[in-house]
Participant: 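Here you go, one structure.
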There are 2 protein chains.
Amino acid sequence: MSGERTMRRMSQESGSRRPERPPERRPERRVSSQIQREVMQLILDRKLRAGAPLPTETELMEDLGVSRNSVREALKALQALDIVDIRHGYGTYVGEASLTPLVDGLTFRTLARPDGDTAALAEILQIREILEEGLVRRVAASLTDDELDALAAVVDRMEAAGRAGESVAELDRDFHELLYASLGNALIPQLLGAFWTVFLRVAGARGWTDAPTPELTIRRHRDIVAALRARDVEGAQQAMSHHFRGIEARAAQASRGVG
Amino acid sequence: MSGERTMRRMSQESGSRRPERPPERRPERRVSSQIQREVMQLILDRKLRAGAPLPTETELMEDLGVSRNSVREALKALQALDIVDIRHGYGTYVGEASLTPLVDGLTFRTLARPDGDTAALAEILQIREILEEGLVRRVAASLTDDELDALAAVVDRMEAAGRAGESVAELDRDFHELLYASLGNALIPQLLGAFWTVFLRVAGARGWTDAPTPELTIRRHRDIVAALRARDVEGAQQAMSHHFRGIEARAAQASRGVG
DNA sequence: ACCGGGAGGTGGGACGTCGGATGTCCGGCG
DNA sequence: CGCCGGACATCCGACGTCCCACCTCCCGGT
């Protein structure tokens, strides 16, 4: 019973300055999340593009009739979703609405798995595998020779980087991004990139070695390009399949070796 | 506009009273985002599962040596990512880390597209199509008769609901979720559900009619089940393909009719 | 045994204040 | 005349304090 010092007075005075808080029982459901919706609606109504300036915190505070604290909490939440971009000393701007929150969420969820790292990572890899198998089938027929040359060039650079002991990971990313560029679907490289980033982050957090045998990876990519050049849809899909089998094996091996 | 002079006096005595220079306290880069990382790390270190209670705001404030405001902003951001679940008057808990942020982000990004609604929605639909084509190929060989019966039952319920003019959308969701349940990949239904939710929300915001012709949708689902029952992998994939062709056509029609 | 109300704890929100970061503008210097 | 640097205005970053809303639990009255 130590600590009854809270003893908040009952405001029996009640005559304090409370201008006229309208007793309107307008709870309005969580001011902060309401502000989030209003800011999003403001962006949509004014048709603001990514990079366009938003009202300052003070303006939002006055326009919406809430405190700056609530405005900042709402903006922080929108910032976490990459819907808003806050720059210190400069202002608040419309964000790119990228898949960054997906990356953060998946990374956290994967790292938070108590049982095994492999299970959660395998789920992500399986989705990437299914996606890329279907994707390679679609682009197999429509790839031009120039695009095939560009893909082969990326593999060449991978080989050079691998020989020099450099980062093959970035080029791997470029390869897959370039492969599906002709589809004109901007979401696809972002989604694949998100999965890829999650994989790299989890691998980094687990302390896995980045790529023990880049030769195998490069070989798989060469196989994919070769099949595509031959307009062999089934072969390309199988090559992609083999590629992922290798990634899964490497992940499983790494998790056994470390975890 | 409204250039109110705030006229705050500038403490030109810069560096007047500062008891001690922070010698070892490094800049620390944005307290708020640092708190986000620390809270996430706390969850990982203590191996807390979803639903487990987190330290109260006051405790975090004291443990991390920051103000309660900063703690709340960090928690708000983590709440937006569904990494944390804040319950008024109850406490803060570890969240599910669901794909809710992806849904919010994709919905916003799609609605914010100035040119056309169809383009952004078509991207999402294409990804769903590619995913489900690959998925149906994988489950086609392993589905048991019981699972096929369950799928057929869902279609029956869809037909009953369609006749009664009820919500076919929910049952549609159930069908696809049930279809891929045997893969044991928890991420797949969540990802498909996320895309599905985005589609419904955008359709709702655009004022599209929910399902003008449920008969066609039901027929496509019957085709899928029939092909699966015959263990016809190619047929199942093509049926799924037709299904999505219908969805795309409906979306294009709705966007023309309204937008 | 039941029920209602209050104490205490937790998040929700509002100000007010100060500090740091950034862009702008203007005046002095070369 | 040109340009370069410092004062200044404006923005976000953070802190402290106060009060309110919501929830749980316990305790005392019925």
Side-chain angles (χ1 to χ4, degrees), chain A residues 1-14 16-19 21-36 53-62 64-79 84-93, chain B residues 1-19 21-22 25 27-36 39 53-62 64-79 84-93 95:
Chain A
M1 311 325 179
S2 64
E4 61 282 278
R5 56 170 186 246
T6 26
M7 192 60 102
R8 64 181 56 167
R9 63 270 272 12
M10 301 310 197
S11 82
Q12 63 275 47
E13 209 50 62
S14 84
S16 63
R17 54 8 196 291
R18 192 93 74 83
R21 249 335 176 195
E24 51 179 22
R25 272 319 210 166
R26 195 74 168 79
E28 201 158 273
R29 291 293 165 84
R30 295 290 169 279
V31 172
S32 181
S33 64
Q34 181 66 23
I35 298 174
Q36 293 183 37
L54 258 61
T56 68
E57 293 182 353
T58 309
E59 287 173 334
L60 285 175
M61 183 180 114
E62 293 166 351
L64 304 180
V66 296
S67 75
R68 183 162 166 242
N69 225 325
S70 303
V71 170
R72 298 197 84 251
E73 284 178 10
L75 290 179
K76 271 285 180 180
L78 292 179
Q79 186 188 35
V84 141
D85 184 18
I86 306 175
R87 281 179 248 175
H88 188 175
Y90 196 61
T92 307
Y93 296 80
Chain B
M1 339 5 180
S2 74
E4 317 298 330
R5 67 281 185 264
T6 33
M7 188 64 97
R8 64 183 51 166
R9 57 280 189 77
M10 317 297 285
S11 64
Q12 61 271 54
E13 211 57 62
S14 70
S16 56
R17 49 105 171 101
R18 196 89 76 84
R21 299 280 302 125
R25 257 320 187 200
E28 201 159 89
R29 290 293 175 85
R30 299 286 172 283
V31 171
S32 180
S33 64
Q34 182 65 23
I35 299 174
Q36 293 182 36
V39 171
L54 257 61
T56 67
E57 294 181 352
T58 309
E59 287 172 335
L60 285 175
M61 180 181 114
E62 292 167 352
L64 303 179
V66 296
S67 75
R68 181 162 169 241
N69 243 331
S70 304
V71 170
R72 300 196 80 244
E73 283 179 11
L75 291 179
K76 271 283 178 184
L78 291 179
Q79 186 188 36
V84 140
D85 184 19
I86 308 175
R87 280 179 250 174
H88 188 178
Y90 198 67
T92 308
Y93 296 80

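Chain identifiers are assigned alphabetically (A, B, ...) following the order of the sequence lines, protein sequences preceding nucleic acid strands; residue numbering begins at 1 within each chain.
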Participant: Closest nucleotide of DNA chain D for A:I86 versus for A:N69: which of these residues is on the 5' side?
Facilitator: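 Result of the comparison: A:I86.
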
Participant: Does the side chain of A:T58 get closer than 4.0 angstrom to OP1 or OP2 of D:dT10 through an N or O atom?
Facilitator: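 The answer is no; no side-chain N or O of A:T58 sits under 4.0 Å from OP1 or OP2.
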
Participant: Rounded to the nearest angstrom, tell me the gap between atom CG in A:L64 and atom P in C:dG13.
Facilitator: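 The answer, rounded to whole Å, is 13 Å.
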
Participant: I need the CG-P distance between A:L60 and C:dA14, as an integer number of Å.
Facilitator: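 Nearest whole value for this atom pair: 13 Å.
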
Participant: How does DNA chain C look in dot-bracket form if you count Watson-Crick and G-U pairs under 3.5 Å, write [ ] for pairs that cross, and put | where a base pairs with another strand?
Facilitator: ||||||||||||||||||||||||||||||

Participant: Looking at OG of A:S32 and NZ of A:K76, how far apart are the two atoms once the value is rounded to the nearest 0.5 Å?
Facilitator: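 Going from OG on A:S32 over to NZ on A:K76, the span is 13.0 Å.
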
Participant: Suppose we call a contact any N or O donor and acceptor under 3.5 Å apart; does that hold for the side chain of B:H88 and the base of C:dG12?
Facilitator: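 Not at all, since no donor on one side and acceptor on the other fall under 3.5 Å apart.
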
Participant: Round to a whole Å and report the spacing from CZ of B:R87 to C1' of D:dC23.
Facilitator: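 The distance from CZ of B:R87 to C1' of D:dC23 comes to 12 Å, rounded to the nearest Å.
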
Participant: Who are the side-chain hydrogen bond (donor to acceptor under 3.5 Å, both in side chains) partners of B:S67, not counting sequence neighbours?
Facilitator: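 Residues passing side-chain hydrogen bond (donor to acceptor under 3.5 Å, both in side chains) with B:S67: B:S70.
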
Participant: Could you give the distance from CD (A:E73) to CD (B:Q79), rounded to the nearest 0.5 Å?
Facilitator: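 Here the rounded value is 9.5 Å.
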
Participant: Using a 4.0 Å heavy-atom cut-off, does B:R72 contact any base of the nucleic acid, only the sugar-phosphate backbone, or nothing at all?
Facilitator: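 Base contact.
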
Participant: If each of A:G91 and A:K76 is mapped to the nucleotide of DNA chain D with the nearest heavy atom, which maps nearer the 5' terminus, i.e. the 5' end?
Facilitator: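 Of the two residues, A:G91 wins.
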
Participant: Classify the side chain of A:R68 versus the base of D:dG13 as yes if they form a donor-acceptor pair under 3.5 Å and no if they do not.
Facilitator: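 A donor-acceptor contact between them is present.
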
Participant: For the CE atom of A:M61 and the CG atom of A:N69, what is their distance to the nearest 0.5 Å?
Facilitator: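 The CE atom of A:M61 sits 10.5 Å away from the CG atom of A:N69.
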
Participant: Test of understanding: with side-chain contact (heavy atoms from CB on, under 4.5 Å), list the residues that count as partners of B:E57, not counting sequence neighbours.
Facilitator: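 By the side-chain contact (heavy atoms from CB on, under 4.5 Å) rule, B:E57 matches B:R68, B:V71, B:R72, B:L75.
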
Participant: Between the protein and nucleotides 23-26 of chain C, list the N/O to N/O atom pairs that are separated by less than 3.5 angstrom.
Facilitator:
none

Participant: May I have the distance from B:M61 (atom CE) to D:dC15 (atom C1'), rounded to whole angstrom?
Facilitator: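 My rounded result for the distance is 10 Å.
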
Participant: Using whole Å, what does the distance between atom P of nucleotide D:dG13 and atom CD of B:Q34 come to?
Facilitator: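 The distance from CD of B:Q34 to P of D:dG13 comes to 15 Å, rounded to the nearest Å.
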
Participant: From CG of B:L75 over to P of C:dG12, roughly how many Å is that when rounded to an integer?
Facilitator: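 Distance, rounded to whole Å: 9 Å.
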
Participant: Kindly say if B:T92 contacts the phosphate of C:dT10, meaning a side-chain N or O under 4.0 Å from OP1 or OP2.
Facilitator: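 Checking C:dT10 against B:T92, no side-chain N or O comes under 4.0 Å of OP1 or OP2.
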
Participant: Given side chains that start at C-beta, do those of B:V84 and B:T92 come closer than 4.5 Å, heavy atoms only?
Facilitator: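 Result yes, sub-4.5 Å side-chain heavy-atom pair found.
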
Participant: Just how far, in rounded Å, is C1' of D:dT24 from OH of B:Y93?
Facilitator: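 Distance, rounded to whole Å: 10 Å.
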
